[in-house]
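Written out below as structure tokens is the structure these notes cover.
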Amino acid sequence: EAEVAQSPRYKITEKSQAVAFWCDPISGHATLYWYRQILGQGPELLVQFQDESVVDDSQLPKDRFSAERLKGVDSTLKIQPAELGDSAMYLCASSLRLGGEKLFFGSGTQLSVL
Amino acid sequence: SQQGEEDPQALSIQEGENATMNCSYKTSINNLQWYRQNSGRGLVHLILIRSNEREKHSGRLRVTLDTSKKSSSLLITASRAADTASYFCATGAGGYQKVTFGIGTKLQVIP
């Protein structure tokens with residue numbers, strides 16, 4: 001069964017360093033989501049892409065976070081500089097098309113900022 | 001920001017019993033979905049109910065939706081130890097179908 005691939009699985013970094021996460025959605029899935037999940041809470045949407053375009057980044061801290069999906073396939077989420085409060089699970093999800101369809105999640109990247 | 005709020009936040013039951021989780025949300029929606037998450041892993045989609053539907057079944061799962069009360073419930077019948085996980089409701093809303101998750105219910109099924 002096709003899966004959403006994410007890497008790395010774990011990332012440990014020091015405060016003020018730059019980090020990047022990669023996501024490869026299921027082939028043919030037009031919509032891609034990045035979520036952040038703090039331990040004990042639900043996932044919070046950071047950014048949503050439709051093909052290569054951002055359709056929602058209202059919760060993305062744009063002073064330090066950036067996201068791109070240049071060819072409308074895989075995507076990169078970057079944090080620069082990382083802060084202690086960024087420690088969380090970063091989840092990528094994709095869906096076949098915009099609207100009304102279930103999300104397929106990757107296993108996530110667990111970020112620890114020291 | 002969280003759209004939904006699950007109740008209870010934690011639930012512990014014996015194997016074979018039924019588990020009921022509730023979700024309330026704040027704004028108009030197009031659909032509501034339930035997901036399961038095992039510790040430290042990604043989320044797995046369980047079931048989707050559209051705003052014009054009132055009840056849906058899938059195997060041991062039963063979901064209801066009351067749009068007038070802005071609430072939904074998930075019933076898991078004949079629970080198994082393998083059902084131990086966190087369960088999240090998620091609402092799809094707006095033209096771009098923004099999917100917003102609640103805070104989750106942590107279910108423990110005791111063998």
Side-chain angles (χ1 to χ4, degrees), chain A residues 1 3-7 9-10 21 23-26 29-51 53-61 88-112, chain B residues 1-10 21 23-53 56 58 61 63 65 85-107:
Chain A
E1 184 176 88
E3 294 183 344
V4 175
Q6 284 190 252
S7 66
R9 183 73 179 91
Y10 301 94
F21 314 127
C23 172
D24 191 11
I26 293 172
H29 280 199
T31 310
L32 185 146
Y33 308 78
W34 283 102
Y35 286 88
R36 176 173 61 187
Q37 185 178 25
I38 295 170
L39 189 64
Q41 298 184 19
E44 176 190 17
L45 180 66
L46 292 175
V47 62
Q48 179 181 345
F49 289 92
Q50 178 66 17
D51 298 312
S53 300
V54 173
V55 298
D56 191 311
D57 63 356
S58 56
Q59 297 298 114
L60 187 71
M89 175 76 85
Y90 289 82
L91 294 161
C92 179
S94 68
S95 66
L96 182 59
R97 60 178 172 83
L98 190 64
E101 298 296 325
K102 66 182 184 180
L103 304 187
F104 294 81
F105 279 84
S107 295
T109 295
Q110 183 66 54
L111 173 66
S112 295
Chain B
S1 60
Q2 310 284 171
Q3 156 77 305
E5 188 171 311
E6 283 90 335
D7 171 55
Q9 292 190 24
M21 288 160 262
C23 170
S24 60
Y25 56 92
K26 299 172 185 173
T27 62
S28 297
I29 63 172
N30 300 320
N31 59 71
L32 187 142
Q33 306 175 40
W34 286 89
Y35 289 79
R36 183 185 72 205
Q37 185 179 37
N38 290 92
S39 182
R41 307 298 296 180
L43 286 79
V44 176
H45 181 269
L46 296 176
I47 193 165
L48 180 150
I49 186 166
R50 292 186 166 81
S51 60
N52 61 353
E53 298 175 312
K56 207 160 182 180
S58 176
L61 305 180
V63 171
L65 178 64
S86 291
Y87 291 80
F88 295 90
C89 70
T91 54
Y96 287 112
Q97 293 296 319
K98 181 174 181 176
V99 180
T100 306
F101 286 79
I103 59 175
T105 292
K106 194 166 185 177
L107 173 66

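Source: prediction; values computed, not measured. Quick note on labels: first sequence line is chain A, next is B, and so on, each numbered from 1.
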With a cut-off of 6.0 Å (strictly less than), are more than 12 heavy atoms of other residues, nucleotides or ligands near CD of B:E53? yes

Residue pair B:K98 / A:S58: nearest heavy atoms and the distance that separates them: NZ-OG, 3.5 Å

Heavy-atom distances under 4.5 Å only: say whether A:Q37 touches chain B with side chain, backbone, both or neither. side chain

To the nearest 0.5 Å, tell me how far A:L91 CG sits from B:F101 CZ. 8.5 Å

If I take atom OG1 from residue A:T31 and atom CD from residue B:Q97, how far apart are they, to the nearest 0.5 angstrom? 9.5 Å

Do you know which two heavy atoms are closest between B:R41 and A:S107, and how far apart they sit? NH2-OG, 3.2 Å

Approximate separation, where rounding is to 0.5 Å, of B:L46 CG and A:K102 NZ: 10.0 Å

Side chain, backbone, both or neither: which part of A:R9 has an atom under 4.5 Å from a heavy atom of chain B? side chain

Minimum heavy-atom distance A:Q48-B:Y96, with the two atoms named: NE2-O, 3.0 Å

Taking everything shown except B:K106 itself, do over 12 heavy atoms lie less than 6.0 Å from its NZ? no

Closest contact, heavy atoms only, B:L43 versus A:F105: O-CB, 3.3 Å

Segment of B:Q9 engaging chain A (4.5 angstrom heavy-atom cut-off): neither

Heavy atoms of A:Y35 and B:V99 approach each other most closely as OH-O, 2.6 Å

With sequence neighbours excluded, residues passing side chain to side chain contact (heavy atoms under 4.5 Å, CB included) with A:S112: A:I12

